[in-house]
**Student:** 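Have a look at this one before I ask anything.
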Amino acid sequence: MPTDTEDLVSRLRNARTVVALTGAGVSSASGIPTFRGDDGLWKQYRAEDLATPEAFAHDPKLVWEWYDWRRATIAAAQPNAAHAVLAKWSQRPGFTLITQNVDGLHERAGTNNVIRFHGSIWELRCAAECGAAPWDDHTAPMATLPPMCPSCGGIARPGIVWFGENIDPDVLERASAAAAAADVFLSIGTSSLVFPAAGLLHHAKRNGAFTVEINPGATDVSRVVDLPIAAPAEDALGMLDARVRMG
Ligand code: APR
């Protein structure tokens with residue numbers, strides 16, 4: 001095994017704090033399309049027509065038809081080996097998982113301490129912000145589109161952070177604090193193009209973390225990290241876990 005991967009194995013063994021930031025690539029082996037890959041959602045659809053507050057205001061039914069299709073796709077999928085390793089590692093104190101994924105597959109794999117940076121496709125909230133607390137709804141397909149707020153009867157929206165919307169300040173604070181305190185920061189299955197999520201690795205590196213990228217494709221951070229691992233997450237994490245025995 002290359003010395004730098006051996007180095008990573010010993011760092012993972014001895015680390016007090018480990019942070020993993022995940023993106024759509026981690027769910028790719030579960031059959032969930034990524035956003036910018038060859039089969040990517042943004043190759044087939046225009047993000048501005050489906051994942052912005054303006055798009056929702058313009059045609060909430062169209063937006064909900066698309067989310068209903070994604071929910072049905074995700075409901076039929078299973079967590080893969082990458083989710084399983086990260087779920088196992090999350091049992092260890094000092095491990096934090098920050099995910100950009102809204103699919104809930106990390107949670108379904110049994111991962112503890114998940115920071116949902118972009119929200120959840122299974123959470124709904126009142127689009128009119130009538131004061132009703134957000135609620136979970138796992139029905140797929142949904143009975144009615146668009147679904148309604150049980151409190152005010154208005155339209156409900158997905159509990160997802162859309163383009164042009166801010167990250168929940170508490171979520172941003174927790175993710176930034178975890179990144180700053182990381183001994184090892186793993187960026188897994190993300191194109192590192194969407195900020196502020198893509199800024200977390202740089203924040204961790206500035207604060208002394210050993211940074212790693214796991215991605216079969218090159219990204220803007222492949223030259224920035226201490227160790228780029230050009231492999232699918234489901235393979236690389238399996239290999240690392242076998243070496244580290246963190247569980
Ligand atoms: N293992 C690891 N990485 C993979 C795999 C795999 N099996 N398959 C693909 N990848 C990589 C691709 O090379 C690509 O760099 O995963 C990355 C997926 O990138 P994107 O599709 O851009 O997804 P992501 O980075 O999660 O997008 C960020 O953008 O569309 C918004 O809000 C949405 O959370 C999303 C954000």
Side-chain angles (χ1 to χ4, degrees), residues 20-56 63 66-67 69-71 73-74 77-86 97-107 109 114-123 157-168 171-172 175 185-202 211-225 227-241:
L21 170 71
T22 65
V26 166
S27 293
S28 174
S30 296
I32 312 290
T34 65
F35 292 95
R36 295 170 189 82
D38 296 343
D39 67 338
L41 292 171
W42 299 148
K43 293 273 169 44
Q44 304 165 49
Y45 308 97
R46 285 165 21 104
E48 54 272 33
D49 292 344
L50 295 164
T52 65
E54 295 76 21
F56 188 74
V63 171
W66 187 63
Y67 280 102
W69 166 74
R70 288 183 62 195
R71 287 162 55 102
T73 305
I74 295 165
Q78 294 301 324
N80 64 61
H83 296 110
V85 169
L86 293 167
L97 188 127
I98 305 167
T99 189
Q100 298 170 83
N101 300 346
V102 296
D103 57 29
L105 291 180
H106 284 301
E107 292 88 339
V114 178
I115 298 179
R116 294 181 183 155
F117 207 72
H118 291 158
S120 168
I121 204 167
W122 304 111
E123 183 185 276
R157 60 160 284 175
I160 284 176
V161 180
W162 281 327
F163 291 105
E165 294 187 318
N166 294 325
I167 302 295
D168 176 312
V171 167
L172 188 55
F185 187 98
L186 308 162
S187 176
I188 312 171
T190 179
S191 57
S192 298
L193 291 171
V194 177
F195 285 77
L200 294 168
L201 180 135
H202 302 283
T211 54
V212 178
E213 180 185 55
I214 299 177
N215 193 323
T219 74
D220 289 357
V221 302
S222 303
R223 293 171 184 278
V224 172
V225 293
L227 178 61
I229 300 179
E234 59 274 17
D235 301 341
L237 288 169
M239 175 272 290
L240 283 172
D241 184 51

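Bear in mind that the values here come from a model prediction, so they are computed numbers and not experimental data. Start at 1 and go down the list; that is how both ligands and their atoms are numbered.
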**Student:** Please determine whether any non-hydrogen atom of A29 lies less than 4.0 Å from an atom of ligand 1.
**Tutor:** no
**Student:** So which of Q100, E107, E123 actually passes side chain to side chain donor-acceptor pair (under 3.5 Å) with R116?
**Tutor:** E107
**Student:** Between W122 and G104 (side chain of the first, backbone of the second, donor and acceptor by atom type, cut-off under 3.5 Å), is there such a pair?
**Tutor:**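 No; judged by distance alone, with no hydrogens or angles, the pair does not exist.
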**Student:** Can you tell me if T219 uses its side chain to pair, donor with acceptor, with the backbone of V221 under 3.5 Å?
**Tutor:**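 Checking the backbone N and O of V221 against the side chain of T219, a donor-acceptor pair under 3.5 Å is found.
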**Student:** Taking both backbone and side-chain atoms of S192, is any N or O found less than 3.5 Å from an N or O belonging to ligand 1?
**Tutor:**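 Not met; the criterion fails.
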**Student:** If you count the atoms of ligand 1 from 1 in the order shown, which ones are under 4.0 Å from a heavy atom of G23?
**Tutor:**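 Heavy-atom distances to G23 below 4.0 Å select 26 (O).
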**Student:** Minimum distance, heavy atoms only, to atom 12 (C) of ligand 1: which one of N215, T219, L237, T190 is it?
**Tutor:**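 The nearest heavy atom belongs to N215.
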**Student:** Using a 4.5 Å cut-off on heavy atoms from C-beta on, say whether the side chain of T190 contacts that of N215.
**Tutor:** no
**Student:** Go through ligand 1 atom by atom and flag the ones less than 4.0 Å from a non-hydrogen atom of T34.
**Tutor:** 21 (O)
**Student:** List every atom of ligand 1 that sits less than 4.0 Å from any heavy atom of P232, numbering the atoms from 1 in the order shown and giving each element.
**Tutor:** 1 (N), 6 (C), 7 (N)
**Student:** May I ask you to check whether S191 has an N/O atom sitting below 3.5 Å from an N/O atom of ligand 1?
**Tutor:**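 Between S191 and ligand 1, an N or O pair is found under 3.5 Å apart.
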**Student:** Is a donor from one side chain sitting under 3.5 angstrom from an acceptor on the other, for T99 and T22?
**Tutor:** yes
**Student:** Taking N or O atoms only and a 3.5 Å limit, does F35 qualify as a polar contact for ligand 1?
**Tutor:** yes
**Student:** Check ligand 1 against V194 and write out every atom of the ligand that is under 4.0 Å from a heavy-atom position of the residue.
**Tutor:**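 Checking each atom against V194, I get 28 (C), 29 (O), 36 (C).
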**Student:** Give the residue and atom name of whichever protein heavy atom lies nearest to atom 1 (N) of ligand 1, and the separation in Å to one decimal.
**Tutor:** A233 N, 2.8 Å
**Student:** Between R71 and I121 (side chain of the first, backbone of the second, donor and acceptor by atom type, cut-off under 3.5 Å), is there such a pair?
**Tutor:**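 Yes; at least one donor-acceptor contact below 3.5 Å.
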**Student:** For atom 27 (O) of ligand 1, which of E213, R36, E234, Q100 has the closest heavy atom?
**Tutor:**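 Nearest option to atom 27 (O) of ligand 1, by heavy atoms: R36.
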**Student:** With D220, which residues qualify under salt bridge (Lys or Arg N to Asp or Glu O under 4.0 Å), at least two apart?
**Tutor:**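 For D220 there are no salt bridge (Lys or Arg N to Asp or Glu O under 4.0 Å) partners, ignoring immediate neighbours.
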**Student:** Among protein heavy atoms, which sits nearest to atom 6 (C) of ligand 1, and what does the distance come to when rounded to 0.1 Å?
**Tutor:**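 Result for atom 6 (C) of ligand 1: G25 O, 3.3 Å.
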**Student:** For ligand 1, find out whether one of its N or O atoms is nearer than 3.5 Å to an N or O atom of A231.
**Tutor:**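 For ligand 1, there is no N or O atom that lies under 3.5 Å from one belonging to A231.
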**Student:** Could you state the interatomic distance from CD1 (I167) to NE2 (H118), rounded to the nearest 0.5 Å?
**Tutor:** 4.0 Å
**Student:** Heavy-atom contacts with F163 under 4.0 Å: which atoms of ligand 1 show up? List them by number with element.
**Tutor:**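 Taking each heavy atom of F163 in turn, ligand 1 has 30 (O), 31 (C) under 4.0 Å.
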**Student:** Just checking, any donor-acceptor pair under 3.5 angstrom between side chains of E213 and S222?
**Tutor:** yes
**Student:** With respect to A24, determine whether any N or O atom, backbone or side chain, lies less than 3.5 Å from an N or O atom of ligand 1.
**Tutor:** yes
